[in-house]
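Below is one structure, written out as structure tokens; the observations come after it.
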Amino acid sequence: MEWPRTVEDAVALQERLRTQVITASAPDLRIDTVAGLDVGYRSNDAVAGVCVVFDAKTLVVLDEVVVEDTTDFPYIAGLFAFREMPVLLRALDQVAVAPDLLVADGQGLAHPRRFGLACHLGVHTGIPSIGVAKNPMGTFAQPGHARGSTSDLVMEDEVVGRALRTQDGVKPVFVSVGHKIDLDRACAEVLRLAPRYRLPETTRRADTLTRQAASSA
DNA sequence: GCGACAG
DNA sequence: ATCTTGTCGC
């Protein structure tokens, strides 16, 4: 199926693909490498997609790719993937190390149709994925003050993710399952990726590269 | 009808 | 997302 150009087609595609999401981890799921994906904007339609692969244990950067592109799909909350996915897939294609997990900047199941960017990336590639958003979609109770504390992220009486405190006292990040992983594991991975700062290293590094690209060429 | 609404 | 250096506070 071709890439949607209209809101109606985009929504229809989400409704169709949402049924393919797997919210459990394979018994032998091993995560040795993790990719951070992010997009930066130089103008309204000029984008830079970044894919950075980390060693999950040491957090050493194994490879990173920046791709310049343009987009015509406007930003619409809920249809985020149709704006950012094409560039991200190009960046992911060019990375030399195959990631065991994709970490997307945005939501996974915490989405109006339970199919945010992280789910779409996961279903499309078949690679386990999670979404880490700086802002919530849904409601949540304030998690405890300590690093590692969590609370449910709720949408329409459904638990769609978790508010996760990655450092003592900082604003939580919002974690939701993308594909082929369970929520507990997803949160554990985010904590492992954020030993020192609020945002996971995947997001931080991808973000840096993104604006580096936007200000150079 | 009005406001909300990942990046 | 983007505008962006020094500065306030623990």
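Per chain, numbering begins at 1; letters A, B, ... match sequence-line order. Note that the coordinates shown come from a computational prediction; the quantities given were computed from them, not determined experimentally.
- In this structure, A:R162 contributes its side chain and A:S149 its backbone to no donor-acceptor pair below 3.5 Å.
- Side-chain polar atoms of A:T71 and A:D45 form no donor-acceptor pair below 3.5 angstrom.
- Taking atom CG on A:L37 and atom P on C:dA1, their separation rounds to 15 Å, with Å as the unit.
- In this structure, A:F140 places its CZ atom 11 Å from P of B:dC5, rounding to the nearest Å.
- Distances were taken from every side-chain heavy atom of A:D105 (C-beta onward) to each of B:dG7, C:dT2, B:dA6; the shortest belongs to B:dG7.
- We find that CG of A:N44 is positioned 12 Å from P of C:dT2, with the value rounded to whole Å.
- If you take CD1 of A:I130 and P of B:dA6, they are 19 Å apart, rounded to a whole angstrom.
- Using a 4.0 Å heavy-atom cutoff across all strands shown, A:L153 reaches no nucleic acid atom at all.
- As rounded to whole Å, 17 Å separates atom P of B:dA6 from atom CZ of A:F82.
- One finds no side-chain N or O of A:R83 lying less than 4.0 angstrom from the OP1 or OP2 phosphate oxygen of B:dG7.
- With values rounded to the nearest 0.5 angstrom, A:T139 atom OG1 is found 10.0 Å from A:E156 atom CD.
- Judged by ring centres under 5.5 Å apart and planes tilted less than 30 degrees, A:Y75 fails to stack against the six-membered base ring of C:dA1.
- Aromatic pair A:W3/A:H120: centroids less than 6.0 angstrom apart.
- Side-chain atoms of A:Y75 and A:E84 include no donor-acceptor pair closer than 3.5 Å.
- Protein atom CZ of A:R113 is 12 Å distant from nucleotide atom C1' of B:dC5, rounded to whole Å.
- The side chain of A:Q107 sits closest to B:dA6 out of B:dA6, C:dT2, B:dG7.
- Protein atom CD of A:E156 is 13 Å distant from nucleotide atom C1' of B:dA4, rounded to whole Å.
- Remark: A:N135 is in phosphate contact with B:dG7, judged by side-chain N or O atoms under 4.0 Å from OP1 or OP2.
- Among the protein residues, A:G78 comes within range of the nucleic acid bases, having at least one heavy atom under 4.0 Å from a base atom.
- Atom P of nucleotide B:dA6 and atom CG of A:L117 are separated by 13 Å, given to the nearest angstrom.
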